[in-house]
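Right, one structure below, let's go through it.
The sequence lines fix the lettering, A, B, ..., with proteins before strands; numbering per chain opens at 1.
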Number of protein chains: 2
Amino acid sequence: MAHDQAGECVDELRALSIEGFLGYQVRRASVVIMNDFIETFAELPVRPVSFSVASVIDDRPGVSSAEICRILGLQRANIVSVLEKLQSEGFVRRTEAPSDMRVQRLYLTEAGVDALRSWKARAMEHENRIFARLDRDERKQLDSLLRKIWS
Amino acid sequence: MAHDQAGECVDELRALSIEGFLGYQVRRASVVIMNDFIETFAELPVRPVSFSVASVIDDRPGVSSAEICRILGLQRANIVSVLEKLQSEGFVRRTEAPSDMRVQRLYLTEAGVDALRSWKARAMEHENRIFARLDRDERKQLDSLLRKIWS
DNA sequence: TATTGTTATACTCTATAACTATA
DNA sequence: TATAGTTATAGAGTATAACAATA
């Protein structure tokens, strides 16, 4: 029963069920987490994408929408309605960039800063619930392993 | 600077960027993995869901579609077209269950078994590419951590 | 020529409600 | 009353192409 360098052999491959694929594990976990996040914010005007967009604007005041898209892996076309909504809710404001008339600099309003703070607190509760079975070291391990995959 | 039981404090919460949320890390990894999976099977009639459905049928010959949905977390309505396609491609066959006329027992055809074997080999290549930066121990750690989240 | 913000559009995935036939 | 398979449909998320304004 010869094993190759990666450690598989033919019979193991044949017997490998879907749960044996790491990608499946990541997917199932992601779905559970996303659903709990959405449920956590059910009565608030917050979706995973708008939460992450607001968070990036908070981290980098004056950031452009194109830059947010590069950071978060979004399409430029798909962030338009997200920003429109955040602006209409009074959480985000835009100013022209004198140095480059194409870009709009984005900032959180005072209400946006307050809202994001409360959203983050709620998101932390959500994370503590979802990752309750992982202690602090395990959460750090998971974080480190996941960053190796996508970053 | 008082810390609560969970180990956060107000200033840490304020400074926590989106990358500090584990759920975000899981999501980004999941997207990268799904996209690579889809690209890996671009010229084949295989999607993540149809791959997992075929795999479950292979593991449990005679399984019903409702049971597959419970195992994979799908809606019954959404598996119909998946099974139709797998059947039209000649990879799945259905037989009535004499003991319960409501259910259809599902099996892979010989062509389905062959196809699934090649799909799994291809999926393993995909996984070895995606998880290249994780050694065997790290992959086992990741698997163990993810199972704690969703199962 | 490249980039920003935008519009329009299409496609996939997922969720819900309702129906039938069976149990 | 509950379940299996199905249909129809709606919604969210994401992708592509094109455009005007600007660099």
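- Without hydrogens or angle criteria, E96(A) side chain to M101(A) main chain gives no donor-acceptor distance under 3.5 Å.
- When atom types are taken as modelled, the side chain of R147(B) and the backbone of A29(A) share no donor-acceptor pair closer than 3.5 angstrom.
- Of the possible donor and acceptor atoms, none in the side chain of R94(B) sits under 3.5 Å from a partner among the backbone N and O of L106(B).
- Considering only heavy atoms from C-beta on, E84(A) comes within 4.5 Å of V80(A) through its side chain.
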Which atom pairs, one a donor and one an acceptor, fall under 3.5 Å between side chains of residues 62-71 of chain A and the rest of the protein, sequence neighbours left out?
| residue | atom | partner | partner atom | Å |
| --- | --- | --- | --- | --- |
| S64(A) | OG | E67(A) | N | 3.2 |

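- Using a 4.5 Å heavy-atom cutoff, the side chains of L142(A) and L22(B) are in contact.
- A cation-pi arrangement is found for R93(A) relative to Y107(A), the charged atom lying closer than 6.0 Å to the ring centre and inside a 45° cone about the ring normal.
- Less than 4.0 Å separates DNA chain D from at least one heavy atom of each of the following residues of residues 30-54 of chain A: R47(A), V49(A).
- Of the charged side-chain nitrogens involved, at least one lies within less than 4.0 Å of a carboxylate oxygen, so that E43(B) and R122(B) count as a salt-bridged pair.
- Sorted by first and then second residue, the salt bridge (charged side-chain N to carboxylate O under 4.0 Å, His left out) pairs involving residues 31-42 of chain B (not counting sequence neighbours) are D36(B)-R129(B).
- Of the residues in residues 70-90 of chain A, those lying under 4.0 Å from DNA chain D by heavy-atom distance are Q75(A), A77(A), N78(A).
- Aromatic ring centroids of F51(A) and Y24(B) lie 6.0 Å or more apart.
- Here the range on DNA chain C touched by chain B, meaning any atom under 4.0 Å from one of its heavy atoms, is dT12(C) to dA23(C).
- Taking only side-chain nitrogens and oxygens, S65(B) comes nearer than 4.0 Å to OP1 or OP2 of dG5(D).
- Remark: the backbone N or O of K85(B) is paired with a side-chain donor or acceptor of S88(B) at under 3.5 angstrom.
- Taken residue by residue, residues 97-109 of chain B places heavy atoms nearer than 4.0 Å to DNA chain C at D100(B), M101(B), R102(B).
- No donor-acceptor pair closer than 3.5 Å links the side chain of E138(A) to the backbone N or O of L145(B).
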